[in-house]
Amino acid sequence: MSRYNFKLIEKKWQDYWDKNNTYKVISNPNKRKFYCLEMFPYPSGRIHMGHVRNYTIGDVLARYKSLQGFNVLHPMGWDSFGMPAENAAKQNNLNPKDWTEENINAMKNQLKKLGLSIDWEREISTCSPNYYKHQQKLFLELYDKGLIYRKESYVNWDPIDKTVLANEQVINGKGWRSGAVVERKKLNQWFFRISNFAEELLSDLDNLDQWPEKVKIMQKNWIGKSFGCEIDFKIDGSEKVKSIKCYTTRPDTLFGFSFLALSVDHPLSKLYEKDKNFLSFRDECSKTGTTEESIAQAEKIGFKTELLAINPLNENEKVPVYFANFVLMDYGFGAVFGCPAHDQRDFDFAKKYNLEIKTVVKPFDETDSFTVNDEAYTGSGTIINSDFLNGLKVPDESIAKTIQILEEKKIGNKKTNYRLKDWGVSRQRYWGCPIPIAYDEKNQIHKIPEKDLPVLLPDQINLNTKGNPLDSVDQWKKININGKNCIRETDTLDTFVDSSWYFLRFCSSKDNDNSFNKNEIDYWMPVDQYIGGVEHAILHLLYSRFFTRAINLNNKEFELKEPFKGLFTQGMVCHQTYKDQNDNWLSPDDVFSNNGNDYFIKTKPSEKVMVGPSESMSKSKKNTIDPEKMIEAYGADAVRLFILSDSPPEKDIQWSETGMTSAYKFIQKFWSVSQNIIEIVNTESDKSINNEIEIFTNQSIEKINTALEKFRYNVIIAVFHEIFNFFNKVSENRKNYQNLKENYNKILIVVSPVIPHLANECLNLMASKNFEWPKVKKEFLEKEEKEIVIQINGKKRGNILINKKTEENEILAKIKELDIIQKYIKDKKISKTIYVKDRLINIIIK
RNA sequence: GCCCUCGUGGUGAAAUUGGUAGACACAAAGGACUUAAAAUCCUUGCCGCUUGCGGAGUGCCAGUUCGAGUCUGGCCGAGGGCACCA
């Protein structure tokens, strides 16, 4: 028998699917739909193993649903705007468009070699004017709805390159190219009012029952709803400032108040703009960076003002007012009251400036003389040292009660707050969707008229100018709107905008006039299963949820709110890392090993390689494996099989060469047993019925069904091995049982989502007519006899085979006679027995 | 720093969701077949004494329960996110 020639057979089926447009779908109201979507890739040039994993998981689901009779929409596109194109273009003196389009072509070819069941006719690319003109229309629609506005906000500014840097381009506070210390700079930028939807985005999470719990928790914390109180602190004897408003979630610690801290962007900072010391303090703060992490990690520093704030619950207590680097203007009122004993940031600050640390909460198991020493106490307990608040239980009782008192005294008001900030969408870059706005000579905002859309990116661009590239294209910038000379907005949109509605566009990607077609949206949306990396758990998914709501607002034509009914987040693909003696990363292609433990450099076999931990594959660590090479060496089916086999899809998977080769061997073995069976079925003539085959097949399908529904794809591969082991035995005696063909046909169907090329070839050779997902015959799942575990005091001591109808007391009587049990119970008294039907019996003895 | 998730044999893992821990594989060792090798097949999680038997065992420490990998609390370790990477 010939070996399985995957090169020939995979090519044959891929060409067949292409030619016959097998995976093209059109909406059909009479057919149940299933929208299966994987997060679309950034066209970096070559697919990586993460893509292989993502798209294989999705493809298995799409093929499964299709065999079940669903009308499956399974599209693919390109998230093709973004910084890498701009960087590559700068480096190699190319055009970002050409670079991107070449990459798309290359990656499309690679994806096709994986044998994915994709409707390529719906392909979209976000950098194509066909896509972004609709995005510009959507932008203007949302603008008209009042969901988009302009305000000043900070960016990372590289003072040498005179350019805005992304967070990833800031390394240890310095610009990645220039090495200059990065500053915070204020720019006028566009924002989406996502915070208008904070409550809805939060409460609707409860309805997403097919989302991973952890993603919902992450989004919940991100939105950060908190219940607290706004408090007006009176300022002592100042002409200029009467009071300062703070937001707090811990009003119950008000007696521990020892300073009041303001953001450097607080309106009161205007009063200090002539103070040199304040200005140098503000400069110092601007070096902290713009990320929350850098602010949280930075040393707490402050600038002391002459102002004194009065404790509203104790008018004799007056504490200093500072500007401090850890207070954010975006949250609350940009002002916080400091209680060092019960907040770690306040504690660090108080230690630095020798402020009082007054303990007002004690843990339940401490006495009233408890004091905070080395770190803030933020746990539960009882209020102490707080006059009329003493004795209240923290947090449940104390916070509510204090708010009530503050409201009665007209000092503060109960307030709900959200951490979620509005979404800044302006990017000072070339390779993005132009914002369809212009400004007249008085700096008034004008929308670009619809007839002038799309605002196309200029083709000719010099990316090596300093600052925002579009800003230097004078002829492009100028536009006349209703007779007024205007200058275009030169910022482009955040690429997260592109990916916030692409799933809508897939439903009618060919429609030139409309962003999306109502009938198509009504039929296909929501996405039934969305699959992608957990790194998108917050931003991309939240922005998409916002976008559908923003479109939905005041729009009777569009009923959708939640875009993704089901969500699955897959783990990363990892590989060992290698370094040479000089600490340079080495690729797996550069090293070899004879025993699997010690590695050496191929070109210098005497030099030992340092083997590092397995980490997610990345170019910078050189620990990548090229999927195309693997497909060429082992075939798409083997690669698909391996990428699913070793770990559950939501967990990280370790790439291993031995795992890959064993998947390849399995493909060969499975082919060979299939050929045996096809031969038997077509030539041998024994016609007896084999009940074992019936039982095994039905049990296997049942296992596969359960595992498929729960994304336990690695378990499915284990069942495939069981299938091989079983049918390998069955085929040994070369009997053509009457039920062999029917059952093996079913087996080929249920393996086909994972290894579609091999399965289709075998089904073809068997001349199968049936391409439906098999129904499980329940009567073959249950056996008459059942093995029951015998436990003595919860420990397993043996088991017994009984008929399922046997009553509990009968079972117990039988067990008592068993020798293995006798020795445990003969001198003891049975005080209790616990019987779990069909599973175990636990005998408690004394 | 803050938030989230995950820790099961030498390795990847499975476990009907509180009921036989280690299915299915990978690796290694031993054995069978062979002139030899390859391939194939069989055995092996750990500790103890004799095939049998007994004991411990799911990161660590407590707890709930007849019974805990699974539930609760604390600790340790690894990974992800932190708003301009996508």
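Chain letters run A, B, ... following the sequence lines, proteins first, then strands; residues in each count from 1. Because only heavy atoms are used, hydrogens play no part in the values below, and waters and symmetry mates are left out as well, while side chains stay in.
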Quick one: does NZ or CZ of A:Lys151 land under 6.0 Å from the six-membered ring centre of A:Phe191, within 45 degrees of the ring axis?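 Cation-pi check for A:Lys151 and A:Phe191: passes.
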Would you kindly give the [atom1]-to-[atom2] distance between [X] and [N], to the nearest whole Å?
X	N	atom1	atom2	value
A:Glu650	B:C6	CD	C1'	10 Å
A:Tyr713	B:A23	OH	C1'	21 Å
A:Lys795	B:A21	NZ	C1'	14 Å
A:Ile800	B:U20	CD1	P	18 Å
A:Phe724	B:A23	CZ	C1'	18 Å
A:Phe347	B:C2	CZ	P	14 Å
A:Ile217	B:C2	CD1	C1'	16 Å

On a whole-Å scale, what distance lies between the [atom1] atoms belonging to [N] and [M]?
N	M	atom1	answer
B:U70	B:U65	P	16 Å
B:A14	B:A25	C1'	11 Å
B:G59	B:A68	P	15 Å
B:A37	B:A56	P	44 Å
B:C26	B:A13	P	16 Å
B:C46	B:A29	C1'	16 Å
B:C61	B:C24	P	31 Å
B:G1	B:U20	P	40 Å

Approximate separation, where rounding is to 0.5 Å, of A:Leu641 CG and A:Tyr713 OH: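 Atom-to-atom, A:Leu641:CG and A:Tyr713:OH are 14.0 Å apart.
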So, are A:Lys837 and A:Glu808 salt-bridged, with charged N and O less than 4.0 Å apart?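 No, no charged N to carboxylate O under 4.0 Å.
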Would the distance check show the side chain of A:Asn325 and the main-chain N or O of A:Cys285 forming a donor-acceptor pair, the cut-off being under 3.5 Å?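 Absent.
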Check for a donor-acceptor pair, side chain of A:Ser294 on one end and backbone N or O of A:Thr288 on the other, with a separation under 3.5 Å.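 Judged by distance alone, yes, a pair lies under 3.5 Å.
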With both distances under 3.5 Å as the test, what is the Watson-Crick or G-U wobble partner of [N]?
N	result
B:U5	B:A78
B:G12	B:C24
B:A38	none
B:G18	none
B:G73	B:C61

Got a list of protein N/O to nucleotides 9-15 of chain B N/O distances below 3.5 Å?
residue	atom	partner	partner atom	Å
B:G12	O3'	A:Ser647	OG	3.4
B:G12	O2'	A:Asp646	O	2.4
B:G12	O2'	A:Ser647	OG	3.4
B:A13	OP1	A:Ser647	OG	3.2
B:A13	O3'	A:Asn714	ND2	3.2
B:A14	OP1	A:Arg712	NH2	3.2
B:A14	OP1	A:Asn714	ND2	2.9
B:A15	OP2	A:Arg712	NH2	3.0

How would nucleotides 80-86 of chain B be written as a contact map, 5' to 3', with B for base contact, S for sugar-phosphate-only contact and - for no contact, using protein heavy atoms under 4.0 Å? SSBBBSB
Just the atom pairs and distances: protein N or O near nucleotides 63-71 of chain B's N or O, under 3.5 Å.
residue	atom	partner	partner atom	Å
B:C66	O2	A:Asn842	ND2	2.4

Polar side-chain contact A:Lys214-B:U5 base: donor and acceptor under 3.5 Å: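 Such a pair does not exist between side chain and base.
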Heavy atoms only, 4.0 Å cut-off, all strands: where does A:Glu787 land among base, sugar-phosphate and nothing?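 Here A:Glu787 touches the bases of the nucleic acid.
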